[in-house]
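All remarks here apply to the structure that follows.
We number each residue from 1, following the sequence as shown.
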Amino acid sequence: MNLKLVRTLLVGEGFEVRTANNAEEARAAIPGFAPQVVLMDLQMPGMNGYELTRLLKADPATKDIVVLAMTAYAMKGDDALAAEAGCDGYITKPLDTRTLAKTILRYVGR
């Protein structure tokens, strides 16, 4: 449900959006799309968002993509774990639908 909400919000703000249901789908889609930003769910099935972020940041072809961690399980210290994995920012759920696009734009500098 959050995936649909985020997609609808961002498309409405003029973003080109591609979605993936898991890390493997995302990893396969990124080279052909070359996104400026990835909204990374940290609790994906299979490979989690921390692992995928580490892979993206270790690859010269994807290391400059802004990765914003998104999680509903915001525990003390999770933001530090996300940063340690290479995330450039941290967004907690439930999302603030009024500010999500502005938050993303702050990170990508548009």
Side-chain angles (χ1 to χ4, degrees):
M1 193 178 290
N2 277 320
L3 187 63
K4 288 180 184 180
L5 173 63
V6 169
R7 179 177 173 61
T8 299
L9 287 170
L10 295 180
V11 167
E13 291 288 333
F15 287 83
E16 183 178 351
V17 177
R18 305 252 177 109
T19 61
N21 292 308
N22 57 53
E24 289 77 16
E25 282 183 21
R27 195 168 176 204
I30 287 172
F33 182 49
Q36 289 183 314
V37 64
V38 170
L39 300 179
M40 184 70 71
D41 187 343
L42 297 176
Q43 303 299 321
M44 291 183 286
M47 182 190 308
N48 66 39
Y50 298 106
E51 294 172 271
L52 179 54
T53 299
R54 284 186 191 97
L55 289 173
L56 293 175
K57 293 299 185 173
D59 184 338
T62 57
K63 69 179 177 62
D64 294 326
I65 296 172
V66 173
V67 178
L68 300 178
M70 293 182 66
T71 186
Y73 305 105
M75 304 289 285
K76 185 175 181 172
D78 284 351
D79 55 345
L81 290 174
E84 192 176 286
C87 293
D88 300 290
Y90 190 81
I91 300 171
T92 58
K93 299 175 190 174
L95 301 170
D96 184 344
T97 58
R98 298 163 298 173
T99 63
L100 180 62
K102 289 177 189 167
T103 299
I104 293 168
L105 289 174
R106 275 197 338 256
Y107 283 98
V108 295
R110 277 205 267 167

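A search for side-chain contact (heavy atoms from CB on, under 4.5 Å) contacts involving Leu9 returns Leu5, Thr97, Leu100, not counting sequence neighbours. By the side chain to side chain donor-acceptor pair (under 3.5 Å) test, Asp96 pairs with Arg98, Thr99, sequence neighbours left out. Contacts of Lys63 classified as side chain to side chain donor-acceptor pair (under 3.5 Å), with partners at least two apart in sequence or in another chain: none.
Between Leu105 and Phe15, some side-chain heavy-atom pair lies under the 4.5 Å cut-off. Taking 4.5 Å as the limit, some side-chain heavy atom of Leu68 sits within range of a side-chain heavy atom of Tyr107. When side chains are defined from C-beta on, Lys57 counts as touching Asp88, because their heavy atoms get closer than 4.5 Å.
Of all the heavy atoms in Gly86 and Thr53, the pair that sits closest is C-CG2, 3.6 Å. Across Pro60 and Ala58, no two heavy atoms sit closer than the pair CD-O, 3.6 Å. Scanning both residues, Leu42 and Ala82, for their nearest heavy atoms gives CD1-CB, 4.4 Å.
Considering CZ of Arg7 and CG of Leu39, their distance stands at 12.5 Å, rounded to 0.5 Å. One distance of note links CE of Met40 with CD1 of Ile91; it measures 12.5 Å at 0.5 Å rounding. Within the model, atoms CD1 of Ile65 and CD1 of Ile30 stand 5.0 Å from one another, a figure rounded to the nearest 0.5 Å.
Not one N or O on the side chain of Glu51 forms a donor-acceptor pair closer than 3.5 Å with the backbone of Met47. Arg27 contributes no side-chain N or O that, together with a main-chain N or O of Leu52, makes up a donor-acceptor pair within less than 3.5 Å.
Linking ILVMFWY side-chain heavy atoms closer than 4.5 Å, directly or via other members, places Met44 and Phe33 in two distinct hydrophobic clusters. With hydrophobic clusters built from ILVMFWY side chains whose heavy atoms lie under 4.5 angstrom apart, Met70 does not share a cluster with Leu3. Leu95 and Val11 end up in the same hydrophobic cluster when Ile, Leu, Val, Met, Phe, Trp and Tyr side chains are linked at under 4.5 Å.
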